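Before any comments, here is the structure.
Given the structure is predicted, the values throughout are model-derived calculations rather than measurements.
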Amino acid sequence: MKEYCIIADEAQAEITEKKSRFIAHVIPVETEEEALSKIEALKKEYWDARHNCYAFVIGEMGEVQRFSDDGEPQGTAGKPILEVLLNQNIHNTLVVVTRYFGGTLLGTGGLVRAYGKATSEGIKNATTMVVCDGKKFDLKIDYNSVGKVKHVMVQLGIVNVEEDYGEDVVMHIHMRASDFETFESQVRDITSGKAEISNIEETPYKEKK
């Protein structure tokens, strides 16, 4: 899997350029249909705005990319929004920038900067997650090894863990695939080979950027 970013929650930001208000709405989406539905809903909510320009990128490889200038001069709104998403490697995300015209023309360059800036500010206000290859597995250890194993987890930044305490301790772990071999080697060393790893699954892993 090629590593990419997603937005974990909806966010918003507003900037003002020469009395024009630019309101950026940053929304996580999974399909083109969902994105179009969100766009229509925002157009209805901001029906009195001069423009509701947008762009979205969907898919692990960014297979679906769409943008609209919604009445602004060609290339001054939707494309700058899209370029921010692509430059930050953000997928499965829709950005709609609503503009309330302030009476002063911004010119082509001014519009490009304003729509790009509004988009960037909206993304800053969102929680960005990195998506990469991951592994899920169960780790069975004895009670004496718990502290040592947790120390290794801290060193590798492993935080997605559930623990079951019975005759032994079973940890259900989800982590970056790239760290798995290091983790496995260190755990086997500190437990003298007694640790048991089972039920390994390859699955996407998400963590805060």
Side-chain angles (χ1 to χ4, degrees), residues 1-133 176 204-209:
M1 172 191 294
K2 183 180 178 182
E3 190 172 291
Y4 61 93
C5 298
I6 60 171
I7 299 300
D9 48 14
E10 293 190 17
Q12 187 173 308
E14 180 175 335
I15 66 168
T16 302
E17 296 288 343
K18 295 182 179 178
K19 297 184 180 180
S20 280
R21 294 171 59 206
F22 295 83
I23 307 168
H25 314 269
V26 183
I27 305 169
V29 291
E30 295 294 329
T31 65
E32 184 172 3
E33 290 74 20
E34 182 183 3
L36 295 174
S37 176
K38 296 285 187 181
I39 292 164
E40 287 306 310
L42 284 169
K43 284 185 174 181
K44 288 179 181 178
E45 182 177 352
Y46 293 90
W47 58 271
D48 57 339
R50 178 72 69 91
H51 308 281
N52 286 285
C53 308
Y54 67 81
F56 56 85
V57 178
I58 295 173
E60 181 180 319
M61 303 300 293
E63 298 90 337
V64 180
Q65 300 178 16
R66 302 282 186 272
F67 63 89
S68 169
D69 295 314
D70 193 35
E72 293 281 30
Q74 185 175 355
T76 62
K79 194 169 183 181
I81 297 170
L82 179 64
E83 286 177 350
V84 173
L85 290 172
L86 295 178
N87 287 340
Q88 297 193 32
N89 196 25
I90 296 175
H91 298 199
N92 296 345
T93 300
L94 161 70
V95 176
V96 179
V97 179
T98 299
R99 181 190 182 190
Y100 284 93
F101 184 55
T104 302
L105 296 176
L106 299 182
T108 300
L111 288 172
V112 169
R113 287 190 294 273
Y115 278 100
K117 181 180 178 182
T119 301
S120 295
E121 291 300 317
I123 291 171
K124 283 181 185 176
N125 290 339
T127 300
T128 305
M129 307 288 289
V130 177
V131 183
C132 60
D133 287 325
R176 276 180 169 266
Y205 178 73
K206 301 175 185 178
E207 63 183 5
K208 281 189 179 182
K209 188 174 179 181

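In this structure, Gly78 and Ala55 approach most closely via the heavy-atom pair O-CB, 3.6 Å. Shortest non-hydrogen contact noted between Gly75 and Pro80 is O-CD, 3.6 Å. In terms of heavy-atom proximity, Cys5 sits nearest to Val130 at SG-CG2, 4.2 Å. Residues Asp69 and Ala77 share a closest heavy-atom pair of OD1-N, 3.2 Å. Closest approach of Arg21 to Thr16, counting heavy atoms only: CG-OG1, 4.4 Å. Considering every non-hydrogen atom in both Lys206 and Val131, the closest pair reads CG-CG2, 4.0 Å.
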Would Lys117 and Glu17 count as a salt bridge (Lys or Arg N to Asp or Glu O under 4.0 Å) if you check the C-alpha gap in whole Å, the side-chain angles of each, and the deciding distance to 0.1 Å?
CA-CA 10 Å; Lys117 181 180 178 182; Glu17 296 288 343; 3.8 Å; yes

Walk me through whether Ile27 and Phe56 qualify under side-chain contact (heavy atoms from CB on, under 4.5 Å).
CA-CA 9 Å; Ile27 305 169; Phe56 56 85; over 6 Å; no

For a side-chain contact (heavy atoms from CB on, under 4.5 Å) check, start with the C-alpha distance between Met129 and Lys209, then their side-chain angles and the critical distance, and finish with the verdict.
CA-CA 5 Å; Met129 307 288 289; Lys209 188 174 179 181; over 6 Å; no

Let's go through Gln88 and Thr128 carefully: what are the C-alpha distance in whole Å and the side-chain angles of both, what is the deciding distance for side-chain contact (heavy atoms from CB on, under 4.5 Å) to 0.1 Å, and is it a yes or a no?
CA-CA 10 Å; Gln88 297 193 32; Thr128 305; 5.9 Å; no

Under the criterion side-chain contact (heavy atoms from CB on, under 4.5 Å), I'd like the reasoning laid out for Phe67 against Ile81: C-alpha separation, chi angles, the key distance, then a yes or no.
CA-CA 8 Å; Phe67 63 89; Ile81 297 170; over 6 Å; no

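Ring-centre distance between Tyr46 and His25: below the 6.0 Å cut-off.
Atom CD1 of Ile90 is separated from atom CG of Leu82 by 11.5 Å, given to the nearest 0.5 angstrom. Atoms CD and CG, on Glu14 and Asn125 in that order, are 11.5 Å from each other to the nearest 0.5 Å. Note that the CG atom of Asn89 and the CD1 atom of Ile6 stand 11.5 Å from one another [nearest 0.5 Å]. In this structure, CD1 on Ile7 lies 11.0 Å from CG on Leu94, to the nearest 0.5 angstrom. To the nearest 0.5 Å, atom OG1 of residue Thr93 and atom CD of residue Glu10 are 11.0 Å apart. Taking OG of Ser37 as the reference point, atom CG of Leu42 lies at 9.5 Å (rounded to 0.5 Å).
Residue Lys43 places its NZ atom among more than 12 non-hydrogen atoms of other residues, nucleotides or ligands, all under 6.0 Å distant. By the 6.0 Å contact criterion, CD on Gln74 is open, its count of non-hydrogen atoms from other residues, nucleotides or ligands being 12 or less.
Aromatic ring orientation, Tyr4 versus His91: parallel (interplanar angle below 30°, classes split at 30° and 60°).
Looking only at distances, a side-chain donor or acceptor of Asn92 sits under 3.5 Å from a matching main-chain atom of Gly59. With Thr119 contributing its side chain and Tyr115 its backbone, the two residues share a donor-acceptor pair below 3.5 Å.
The side-chain heavy atoms of Leu106 and Lys18, taken from C-beta on, include a pair separated by under 4.5 Å. Thr104 has its side chain out of reach of Lys19: every pair of non-hydrogen atoms, C-beta onward, lies at least 4.5 Å apart.
For the pair Arg99 and Glu72, the salt-bridge criterion is met [side-chain N within less than 4.0 Å of a carboxylate O].
Evaluation of the salt bridge (Lys or Arg N to Asp or Glu O under 4.0 Å) rule for Glu207 yields Arg176 as partners, not counting sequence neighbours.
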